[in-house]
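Input: a single structure, listed below in structure tokens.
Lettering of chains follows the sequences in order, A, B, ..., and the numbering in each one begins at 1.
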Number of protein chains: 2
Amino acid sequence: MPRTADTKEQILDAAEALFSAHGIEGVSLRSLTKEAKVNLASVHYHFGSKEAVVKAAFARCIRPVNRERLALLDQLEKEAADGHLGVEAVLFALFSPTMKLARGSSERQSFVRLCARLYSEPADYLEPFFEDEFREVMKRFEAAFARALPGLPQHELRSRMRFAVGVMAHTMLDCGRTHNWTAGKGDETDAQAILASMVRFVAGGMLARPGRMTPAREEAVA
Amino acid sequence: MPRTADTKEQILDAAEALFSAHGIEGVSLRSLTKEAKVNLASVHYHFGSKEAVVKAAFARCIRPVNRERLALLDQLEKEAADGHLGVEAVLFALFSPTMKLARGSSERQSFVRLCARLYSEPADYLEPFFEDEFREVMKRFEAAFARALPGLPQHELRSRMRFAVGVMAHTMLDCGRTHNWTAGKGDETDAQAILASMVRFVAGGMLARPGRMTPAREEAVA
DNA sequence: GTCTATAGGGGGATAGAC
DNA sequence: GTCTATCCCCCTATAGAC
């Protein structure tokens, strides 16, 4: 065994890799402990339950990302203390920390998919946990977007933030399906190009003039 | 029993409701047949396996939607045979058929979440199935967007289409979490407002000038 | 802290009567 | 076509030796 990592971290490493590949319900503690090369019972000794492993794995994945998001936003707001706050800059602060994960070691690449998957996973116990982990980020970025997009009604702003999250989550999922992103040759240039495209696209959506569709279109859905 | 539906359809009705609520792995054939008020063995008689039930439920849900998408696009291309094809109109053809589902009977509302969930479900056997079901729609809409957005490089166009799908999929998932969309009072006005917001947002992204981020931002991710 | 062994419950699938 | 009964698998969790 080349690593000196302790049992707890070996379990979390395996949890990240397997949960992202097969979903929570698709991973048994047996497959998990086999992958981690630890005993089945040790997972209960260290975590107490499968549910606790899921939360711990997710927390270890997302906390540094959200910390970096807030740090980037701090820096951004300090630079622009007096004047204009750019939408693209705010989006960059929101997106780039996750994108960075997609370029790390192959063990870390699966993190990205894990985060995106967990958001759509219907486990009831995850929803309040998610809310806790993201509350600060959501609050701070809502304020930043409100400043970058003056005049946009709050309800519309919140909808657009959800759309932005949708773009990111979906892109994270798609990054795991390599055949979709084969324009670049590898991870290094790709991640940067995808991030740039994402920021441009979402900025375009954020900046769109809010308003109604043409009447003809509205009738068609009524 | 008020309905005269046969066993097969009762199973599919229950499958839609339960899969969308709990995910594929979260639903056992036992819970499925209990909800459907049919015998456990009947699911194997009619479908052969759980996997076949999943595919059948998904096909029954998505085929009419994709048919309507293509019909709307047909009509749109006929109207605009000579001149300009509007991005918002194409987006409307792509999005509105799913949005309509979200306003039907409560049994049908869960369809929407089902479709969104299945896209992120990591079941290997679903990916080729998905590809088959959406090939025609993707081909036709890629051509339509190419026409509506002349000059946009094909690779960028494909990225943006994935972003658009991400917005829709994420919105479908969120529609099930009612507390997120409580601005309107019910489903009727909400669905229309959400659809309008979505179309405006994605159109803004589609129409964004493709290009690079500012050099400072690019360095930060390198 | 780490292991073996096992409890106790569900899971998908199937055989065969009706 | 529909049912009951059952096979055999895998699951999480725990007890208790080391």
Side-chain angles (χ1 to χ4, degrees), chain A residues 1-60 114 117-118 121-126 129, chain B residues 1-60 114 117-118 121-126 129:
Chain A
M1 300 308 113
R3 286 289 139 253
T4 56
D6 65 359
T7 300
K8 211 166 169 176
E9 292 216 15
Q10 284 171 261
I11 291 172
L12 290 178
D13 287 342
E16 288 161 8
L18 292 182
F19 284 144
S20 15
H22 308 116
I24 296 174
E25 312 241 28
V27 177
S28 68
L29 292 186
R30 281 175 166 78
S31 61
L32 184 63
T33 51
K34 189 179 175 186
E35 169 84 12
K37 299 191 208 301
V38 301
N39 188 271
L40 170 60
S42 68
V43 79
H44 288 99
Y45 176 81
H46 286 288
F47 294 96
S49 70
K50 180 180 178 179
E51 184 177 317
V53 176
V54 173
K55 287 187 185 175
F58 177 68
R60 197 184 70 165
L114 172 67
R117 279 198 53 71
L118 283 183
E121 199 94 18
D124 298 340
Y125 64 91
L126 280 178
F129 180 69
Chain B
M1 301 304 116
R3 286 289 140 253
T4 54
D6 65 358
T7 299
K8 211 165 170 175
E9 291 215 16
Q10 284 171 261
I11 291 172
L12 290 178
D13 288 341
E16 287 160 8
L18 292 181
F19 285 144
S20 14
H22 308 114
I24 296 175
E25 312 240 28
V27 177
S28 67
L29 291 186
R30 284 174 168 80
S31 63
L32 183 62
T33 50
K34 189 179 173 186
E35 168 85 11
K37 299 191 208 300
V38 301
N39 188 271
L40 171 61
S42 68
V43 76
H44 288 99
Y45 176 81
H46 286 288
F47 295 96
S49 69
K50 182 180 177 179
E51 185 177 316
V53 176
V54 173
K55 288 187 186 175
F58 177 67
R60 198 184 67 164
L114 173 67
R117 278 198 52 72
L118 283 183
E121 198 93 21
D124 299 340
Y125 64 90
L126 279 179
F129 179 69

Rounded to whole Å, the CD-P distance (A:Glu25 to D:dC11) equals 13 Å
Practice problem: Indicate, yes or no, whether a donor-acceptor pair under 3.5 Å links the base of C:dG12 to the side chain of B:Arg30. | Solution: yes
note: B:Lys34, atom NZ; C:dG10, atom C1'; distance rounded to Å ~ 13 Å
> Does a side-chain N or O from B:Thr7 land closer than 4.0 Å to OP1 or OP2 of D:dG1, or not?
Replying inline: no
Taken to the nearest whole Å, CG/B:Asn39 to C1'/D:dT6 is 14 Å
When rounded to whole Å, the CD to P distance for the pair A:Glu51 and D:dC11 reads 19 Å
Tightest non-hydrogen contact, residues A:Leu29 and A:His44, listed as CD1-CE1, 3.5 Å
*Over 12 foreign heavy atoms within 6.0 Å of NE2, A:His22*: no
Item checked: Any donor-acceptor pair under 3.5 Å from B:Lys37 side chain to B:Gln10 backbone -> no
### Query
Above 12 or not: heavy atoms from other molecules or residues under 6.0 Å from NZ of A:Lys8?
no
Heavy-atom nearest nucleotide on DNA chain D taken for A:Ala41 and for A:Ser28; more 5' hit belongs to A:Ser28
Separation of D:dT14 atom C1' from A:Leu29 atom CG, nearest Å, is 13 Å
* Across the strands shown, which category fits A:Val27 at heavy-atom distances under 4.0 angstrom: base, sugar-phosphate, nothing? -> sugar-phosphate
To the nearest angstrom, the OH-C1' distance between B:Tyr45 and C:dA17 comes to 16 Å
note: B:Leu18, atom CG; C:dG11, atom C1'; distance rounded to Å ~ 16 Å
- Message: For a quick check of understanding: with a heavy-atom distance under 4.0 Å over all strands, which category does B:Ser42 fall into, base, sugar-phosphate or nothing?
- Response: nothing
Q. Under the 3.5 angstrom rule, does the side chain of A:Asp13 hit a backbone N or O of A:Glu16 as a donor-acceptor pair?
A. no
Between CG of B:Leu40 and C1' of D:dC7 the distance, given in whole Å, is 13 Å
Q) Under 4.0 Å between a side-chain N or O of A:His44 and OP1 or OP2 of D:dT14? A) no
